[in-house]
2 protein chains.
Amino acid sequence: MKDNKRGGFRVGAGRKSGSGCFGESTKVIRVPTSRVTEINQYIRRPQAGNTDIVMLPHPTPQKIQLKLFDHKVPAGFPSPADDHIEKSLDLNEYLITKKESTFFVKIKGDSMIDASIHDNDIVIVDRSKQAKVGDIILASIDGEFTIKILAKHLSLPRLLPANEKYQPIVIQESMQFEIWGVVTGAVRKF
Amino acid sequence: MKDNKRGGFRVGAGRKSGSGCFGESTKVIRVPTSRVTEINQYIRRPQAGNTDIVMLPHPTPQKIQLKLFDHKVPAGFPSPADDHIEKSLDLNEYLITKKESTFFVKIKGDSMIDASIHDNDIVIVDRSKQAKVGDIILASIDGEFTIKILAKHLSLPRLLPANEKYQPIVIQESMQFEIWGVVTGAVRKF
DNA sequence: AATTTGATTAATGTTACAATAATCAAATGA
DNA sequence: TCATTTGATTATTGTAACATTAATCAAATT
């Protein structure tokens with residue numbers, strides 16, 4: 001039942017310009033594949049209600065409100081602060097699993113620098129944990145404490161320093177050798 | 001002077017995949033005309049961000065005092081009587097000076113590795129401390145959080161990574177730039 | 001040994017296209 | 001008469017295609 005009498009060219013016919021979801025014309029641009037989702041979310045995000053406010057601690061009695069998205073040039077892409085203030089953190093809870101068997105050791109010197117344990121770092125040692133090959137352990141050899149990576153050489157245990165400049169130590173039967181625990185963490189003050 | 005003896009099909013010929021300015025494949029997407037410039041700037045700006053989640057100190061942390069030993073003292077412990085050697089320590093107290101102005105940020109990537117800040121470390125940031133040149137700071141650049149070393153060059157602030165593979169960032173007037181605090185410590189779990 | 005050259009393939013900005021959606025007015029039907 | 005349907009028209013929108021540029025390799029040349 002087609003006829004030629006409906007429609008037809010006439011001014012004002014057809015979809016109105018600006019009736020798309022952006023209310024304006026569009027262009028195609030090329031962007032990295034990994035950021036397609038991010039950009040699509042961003043350009044579709046309601047502009048009006050964009051009032052993300054993050055509260056961060058401040059020494060003054062009343063906490064300061066820091067407004068994000070007040071950029072001068074590129075306006076408001078998703079910021080890490082958007083949804084990233086998640087939870088609170090208790091350092092004791094985070095770093096100490098078993099407080100009954102945990103203690104700290106303050107490190108002197110740079111012999112563990114390749115395991116990124118530095119002079120004056122404090123390491124967290126759990127003496128209840130069974131040391132496995134590859135673990136960073138606190139051991140004593142002939143009455144001296146040392147922090148090393150546990151390896152195994154035939155049947156005798158072997159301690160690898162994390163710093164290449166130091167020689168591995170093969171534990172002989174005659175040596176007093178004791179593993180005091182496994183290093184489970186490290187903390188540092190700047 | 002054309003001949004058919006150069007080039008020719010052979011494995012490995014031609015431009016390498018991923019050699020473009022994004023280091024990955026691209027796609028075309030349609031965006032509002034008014035935001036083309038903004039998005040092009042955004043996807044091309046230096047990726048300074050090296051932080052992940054932001055956390056606040058726990059309001060009611062566990063109080064755990066554990067023994068602190070010195071790496072260099074001769075083994076013979078535990079010797080609870082010896083107060084000279086043995087101290088005790090609470091990690092929250094040790095690392096957090098001002099709870100009201102402190103928060104935590106998780107590090108992503110290895111841009112600060114020479115400052116011994118590693119992937120997945122958590123750094124402690126004090127917002128009340130005045131940042132000085134040379135300090136490790138948390139800053140935001142155009143909405144992106146980053147941990148960097150604060151420097152100054154010709155009166156413009158500069159953010160230096162602690163890894164020669166990364167480029168310093170010169171802060172221009174046109175950039176949104178804010179210093180959020182000074183990094184006062186770092187913790188790591190093994 | 002260093003440089004040039006031509007073939008090859010990826011990157012990149014733009015245009016083209018097809019499918020969908022919105023809009024209008026004539027045609028239809030109550 | 002007035003609401004609904006219908007067909008033509010035009011914008012939107014995601015994707016494919018294209019042309020130009022850039023990077024890379026190995027043979028040819030200096």
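Heavy-atom basis, side chains included; hydrogens, waters and symmetry copies ignored. From a predicted model like this one, the values you see are computed outputs, not experimental measurements. Chain identifiers are assigned alphabetically (A, B, ...) following the order of the sequence lines, protein sequences preceding nucleic acid strands; residue numbering begins at 1 within each chain.
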Side-chain donor-acceptor contact under 3.5 Å, Ser111(B) with Asn163(B): no
Test item: Leu95(B) and Lys189(A) side chains (from C-beta on) under 4.5 Å apart, heavy atoms: yes
Please tabulate, one pair per line, each protein N/O and nucleotide N/O from nucleotides 11-15 of chain C that are separated by under 3.5 Å, including the distance.
residue, atom, partner, partner atom, Å
dA11(C), OP1, Gly18(B), N, 2.8
dA11(C), O4', Arg15(B), NH1, 3.3
dT12(C), OP1, Cys21(B), N, 2.8
dG13(C), N7, Arg30(A), NE, 3.0
dG13(C), O6, Arg30(A), NH2, 2.6

Minimum side-chain heavy-atom gap Val31(B)-Val31(A) below 4.5 Å: no
Listed partners of Lys132(B) passing salt bridge (charged side-chain N to carboxylate O under 4.0 Å, His left out), at least two apart: Asp135(B)
Asp126(B) side chain to Thr102(B) side chain, donor-acceptor N/O pair below 3.5 angstrom: no
